[in-house]
Amino acid sequence: MKPPQYRANTITRYRLVEEHLVGDGKEPVRNYDLLSIIMLCLGGPNGANYDGVLRMLDVLLSSETSETEKRKILQDDYDIQMTQTMEREVSVMCNLSKGVEEKGIAKGILSSIKNLVKNMDVSVEQAMSVLEIPEAERQKYMDLLERQ
């Protein structure tokens, strides 16, 4: 999602090719060209090549673009009809990116709690107070810490 600038908005394919190192035992391509890797590097609207499938994926995977705006862009710019099935799929994509973001935030908070407890010699409760974790969320982090 956030590649280095030189890879932003690029699509690169890597594939297997036959190379004879000793001898020349020719093999039909169908026997070895079974693996292909496609690397999609999204870079956002400020870079070159921001159109087509790269823009569509950037819109779908964006955590800043609302679900309503995503549906509008898909319908207006890509002529994708928003049937119930398609709306459900867009919703799943929105929830996926939101879930990944929330998981990353939780991981960072847990790490901060552990570091405060270890390095500042404070209790878990004191660490959560220092980090200003809302009371309603504290039990969630206590449970996560117990599972680790």
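Quick note: residue numbers are just sequence positions, from 1.
The CZ atom of Arg71 lies 13.0 Å from the CD1 atom of Ile80; values are rounded to the nearest 0.5 Å. Here the straight-line distance linking atom CZ of Arg55 with atom CG of Asn49 works out to 14.5 Å at 0.5 Å rounding. Within the model, atoms CD of Glu101 and CD of Glu64 stand 7.5 Å from one another, a figure rounded to the nearest 0.5 Å. With rounding to the nearest 0.5 angstrom, the CG atom of Leu110 is 7.0 Å from the OH atom of Tyr141. Distance check, rounded to the nearest 0.5 Å: OG of Ser112 to CG of Leu116 gives 6.5 Å. Thr12 OG1 to Ile37 CD1: the interatomic distance, rounded to the nearest 0.5 Å, is 11.5 Å.
Using modelled atom types, one side-chain atom of Asn9 and one backbone atom of Gly43 make a donor-acceptor pair closer than 3.5 Å. Side chain of Tyr78 to main chain of Gly52: a donor-acceptor pair is present (N/O by atom type, distance under 3.5 Å, no hydrogens or angles). A donor-acceptor contact shorter than 3.5 Å links the side chain of Glu18 to the backbone of Glu27. Gln126 places a side-chain N or O within 3.5 Å of a backbone atom of Ser123 that can act as its donor or acceptor partner.
Here the side chains of Leu74 and Leu60 are in contact, with some heavy-atom distance below 4.5 Å. Using a 4.5 Å heavy-atom cutoff, the side chains of His20 and Lys26 are in contact. With contacts defined as side-chain heavy-atom distances shorter than 4.5 Å, the pair Ile11/Arg13 does not qualify. In this structure, the side chains of Glu87 and Glu67 stay at 4.5 Å or more apart for every pair of heavy atoms. Under the 4.5 Å side-chain criterion, counting only non-hydrogen atoms from C-beta, Leu145 is in contact with Lys114.
A continuous path of Ile, Leu, Val, Met, Phe, Trp and Tyr side chains, each step under 4.5 Å between heavy atoms, connects Ile105 with Val124, placing both in one hydrophobic cluster. The cluster map of Ile, Leu, Val, Met, Phe, Trp and Tyr, joined by side-chain heavy atoms under 4.5 Å apart, puts Val53 and Met86 in the same cluster. Hydrophobic clustering (ILVMFWY, side-chain heavy atoms < 4.5 Å, transitive): Met56 and Ile38 are in one cluster. Put simply, Leu54 and Met39 are part of two different groups of oily side chains (I, L, V, M, F, W, Y) that touch within less than 4.5 Å, one to the next. Linking ILVMFWY side-chain heavy atoms closer than 4.5 Å, directly or via other members, places Leu144 and Val100 in two distinct hydrophobic clusters.
In the displayed structure, Glu132 atom CD is contacted under 6.0 Å by at most 12 heavy atoms of other residues, nucleotides or ligands. Summarising the local packing, CG of Asp121 is surrounded by 12 or fewer heavy atoms from other residues, nucleotides or ligands at distances under 6.0 Å. Sparse packing is recorded around NZ of Lys107, with 12 or fewer heavy atoms of other residues, nucleotides or ligands lying under 6.0 Å away.
Taking each heavy atom of Leu34 and Arg30 in turn, the nearest pair found is CD2-O, 3.4 Å. Ala8 and Pro3 make their closest contact through CA-CG, 3.9 Å (heavy atoms, listed as atom of the first residue, atom of the second, distance). Summarising the geometry of Asp33 relative to Arg15, their closest heavy-atom pair is OD1-CB, 4.2 Å, with the distance given to 0.1 Å.
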Under the side chain to side chain donor-acceptor pair (under 3.5 Å) criterion, do Arg138 and Ser129 qualify, and how do the steps go?
-> CA-CA 9 Å; Arg138 291 185 183 194; Ser129 291; 3.3 Å; yes
